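First the structure, in the form of structure tokens, and then the observations on it.
If you're wondering where the values come from, they're calculated on a predicted model, not measured in any experiment.
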Amino acid sequence: SEEDKHPGNFSPELYKAAVSQVSDEARRYDFEAAVDTKPTERLVKTAGTLVILIVLGVLIVPRASLTSLVRFIQPWKEVPRYELVQLADFPTQMIVAHGEGFRIRGTVNYRSFWTPATASLSLGNLNLERKVENGELQFDIPGQTLQELATIQVGDGQQVIRIKPVHRPALTDLDVEIQLPDYLQYPKQNASATSGRLLVLPGTQAKFQATASRPLVVARSNYDQTGWENLEPKGSQFQSEWINLTNFYQGLFDWTDVHGLTNKTPFSLSIDYREDLAPDPRWTAGATQATILENEVLEIALSSADDYG
């Protein structure tokens with residue numbers, strides 16, 4: 001059948017002679033030496049090295065290798081990166097006092113033989129380095145006034161913290177409801193002690209209501225260092241019970257807001273007393289001398305002033 005495909009003038013003898021000649025000529029050449037195998041050898045060595053590294057990685061840090069494999073074969077999924085150095089107990093946000101120094105602290109967990117001992121922090125133009133000591137890490141940060149992101153780096157572990165400076169909660173109003181001593185038979189009165197001073201009559205009872213600049217979670221009072229008493233804040237306000245101010249000369253108030261910030265130093269109220277003076281009668285007729293007969297009547301015009309009258 002193959003012979004049917006040959007041309008009519010095909011000669012088998014000539015065909016065999018040609019093949020024999022080509023074969024004899026080919027024996028004179030080394031075709032393997034003619035081919036450059038160095039690229040192939042480099043490729044094989046590189047692939048072998050990669051395989052060895054992959055195997056070593058799987059043996060040393062199997063979880064990291066598995067995570068990398070999952071991230072490689074499923075790039076569309078949000079698979080958390082496995083870190084050989086894990087930063088723990090750090091907050092993701094810190095609300096700090098405006099312009100006051102603060103501290104960032106947390107722990108460092110090493111998950112492999114790699115244990116970098118130096119940590120770095122960047123916050124705006126601030127760059128710090130600290131040593132990890134017994135798995136603990138802390139940075140003392142100078143006062144900040146702008147909201148920034150702080151980035152802490154230890155090895156391949158990273159933690160980003162949002163720093164938000166706010167002003168401390170301040171007292172905006174301190175109102176006082178006053179009940180004067182019973183003998184005066186006066187109704188309750190209102191006064192303001194926001195200035196830090198209160199003038200009252202001995203025996204006066206008072207109830208304080210304070211308003212802060214921010215919602216509170218803790219409020220306390222202390223009169224003449226007799227001990228702190230917890231008050232119940234409602235939103236940004238808190239109030240005391242009725243207090244007999246006799247023999248009290250100073251009131252202290254402190255509070256903590258929803259961000260954990262305090263008023264730094266207690267608000268001090270000075271309590272001063274003024275005695276109830278006797279009425280002061282006065283001659284108002286004008287002349288202080290008059291001449292009259294025995295049977296005459298002299299009308300005298302008097303007035304009286306009283307400090308609580």
Mark yes or no for whether [X], through its side chain, and [Y], through its backbone, hold a donor-acceptor pair below 3.5 Å.
| X | Y | value |
| --- | --- | --- |
| Asn230 | Arg220 | no |
| Trp255 | Pro169 | yes |
| Asp173 | Ala210 | no |
| Gln179 | Tyr186 | yes |
| Thr172 | Ser213 | no |
| Arg214 | His167 | yes |
| Asn222 | Gly227 | yes |
| Thr246 | Gly203 | yes |

Would you compute the distance between atom [atom1] of [X] and atom [atom2] of [Y] and round it to the nearest 0.5 angstrom?
| X | Y | atom1 | atom2 | value |
| --- | --- | --- | --- | --- |
| Asp224 | Asn247 | CG | CG | 8.5 Å |
| Ser221 | Leu269 | OG | CG | 11.0 Å |
| Glu275 | Leu201 | CD | CG | 7.0 Å |
| Thr118 | Leu137 | OG1 | CG | 10.0 Å |
| Ile141 | Ile163 | CD1 | CD1 | 7.5 Å |
| Ser240 | Glu232 | OG | CD | 13.5 Å |

For a 4.5 angstrom cut-off between non-hydrogen side-chain atoms, does [X] reach [Y]?
| X | Y | result |
| --- | --- | --- |
| Leu198 | Val176 | yes |
| Val166 | His98 | no |
| Leu121 | Thr151 | no |
| Thr262 | Val218 | no |
| Gln144 | Leu123 | yes |
| Asn190 | Asp175 | no |
| Pro181 | Thr204 | yes |
| Arg162 | Thr92 | no |

What heavy-atom pair brings [X] and [Y] nearest, and what distance separates the two atoms?
| X | Y | value |
| --- | --- | --- |
| Lys188 | Trp242 | CE-CZ2, 3.4 Å |
| Pro91 | Met94 | CG-CG, 3.4 Å |
| Gln239 | Leu231 | O-CD2, 3.9 Å |
| Ala119 | Val154 | CB-CG2, 3.3 Å |

Between Ser268 and Gln250: side-chain donor-acceptor atoms closer than 3.5 Å: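 Yes, because at least one side-chain N or O of Ser268 sits under 3.5 Å from a partner of the opposite role on Gln250.
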
Does any donor atom in the side chain of Ser120 or Glu129 lie under 3.5 Å from an acceptor atom in the other side chain?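 There is no such pair between these side chains.
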
Chi angles and distances behind the side-chain contact (heavy atoms from CB on, under 4.5 Å) call for Arg111, Val85: CA-CA 6 Å; Arg111 294 174 163 181; Val85 180; over 6 Å; no

Start with the C-alpha distance between Asp89 and Thr107, add both sets of side-chain angles, then the distance that settles side chain to side chain donor-acceptor pair (under 3.5 Å), and finish with yes or no. CA-CA 6 Å; Asp89 302 325; Thr107 59; 3.0 Å; yes

Got a sec: does the [atom1] of [X] have more than 12 other heavy atoms crowding it under 6.0 Å?
| X | atom1 | value |
| --- | --- | --- |
| Asn134 | CG | no |
| Asp182 | CG | no |
| Glu241 | CD | no |

According to salt bridge (charged side-chain N to carboxylate O under 4.0 Å, His left out), who are the partners of Asp140, at least two apart in sequence or on a separate chain?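 If we apply the salt bridge (charged side-chain N to carboxylate O under 4.0 Å, His left out) test to Asp140, skipping adjacent residues, the hits are Arg103.
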
Honestly curious: do [X] and [Y] fall in one hydrophobic cluster under the side-chain, below-4.5 Å linking rule?
| X | Y | value |
| --- | --- | --- |
| Ile95 | Ile152 | no |
| Val132 | Trp114 | yes |
| Tyr110 | Leu87 | yes |
| Leu128 | Leu149 | no |
| Leu146 | Leu261 | no |

Test side-chain contact (heavy atoms from CB on, under 4.5 Å) applied to Leu216 and Val258, step by step: CA-CA 5 Å; Leu216 307 175; Val258 292; over 6 Å; no

When the ring planes of Tyr223 and Phe253 are compared, do they come out parallel, tilted or perpendicular, using 30° and 60° as the limits?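 Judged by the thresholds at 30° and 60°, the geometry between Tyr223 and Phe253 is perpendicular.
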
Within residues 118-159 or reaching into it, pairs that qualify as ring-ring contact (aromatic ring centres under 6.0 Å, His included) - sequence neighbours excluded: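 As it turns out, there is no ring-ring contact (aromatic ring centres under 6.0 Å, His included) pair with a partner in residues 118-159 once direct neighbours are skipped.
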
Presence of salt bridge, Arg168 and Glu100, under 4.0 angstrom: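 So Glu100 pairs with Arg168 through a salt bridge.
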
Kindly determine whether Ile243 and Lys207 satisfy side-chain contact (heavy atoms from CB on, under 4.5 Å), including the steps that lead there. CA-CA 6 Å; Ile243 302 165; Lys207 182 197 291 187; over 6 Å; no

Test of ring centre spacing under 6.0 Å for Phe208 and Phe238: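 No, too far apart.
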
Go through Ile178 and Gln205 one step at a time and tell me if the side-chain contact (heavy atoms from CB on, under 4.5 Å) criterion holds. CA-CA 6 Å; Ile178 294 174; Gln205 297 189 63; over 6 Å; no

With Phe90, which residues qualify under ring-ring contact (aromatic ring centres under 6.0 Å, His included), at least two apart?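 Partners of Phe90 by the ring-ring contact (aromatic ring centres under 6.0 Å, His included) criterion come out as none, since no residue qualifies.
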
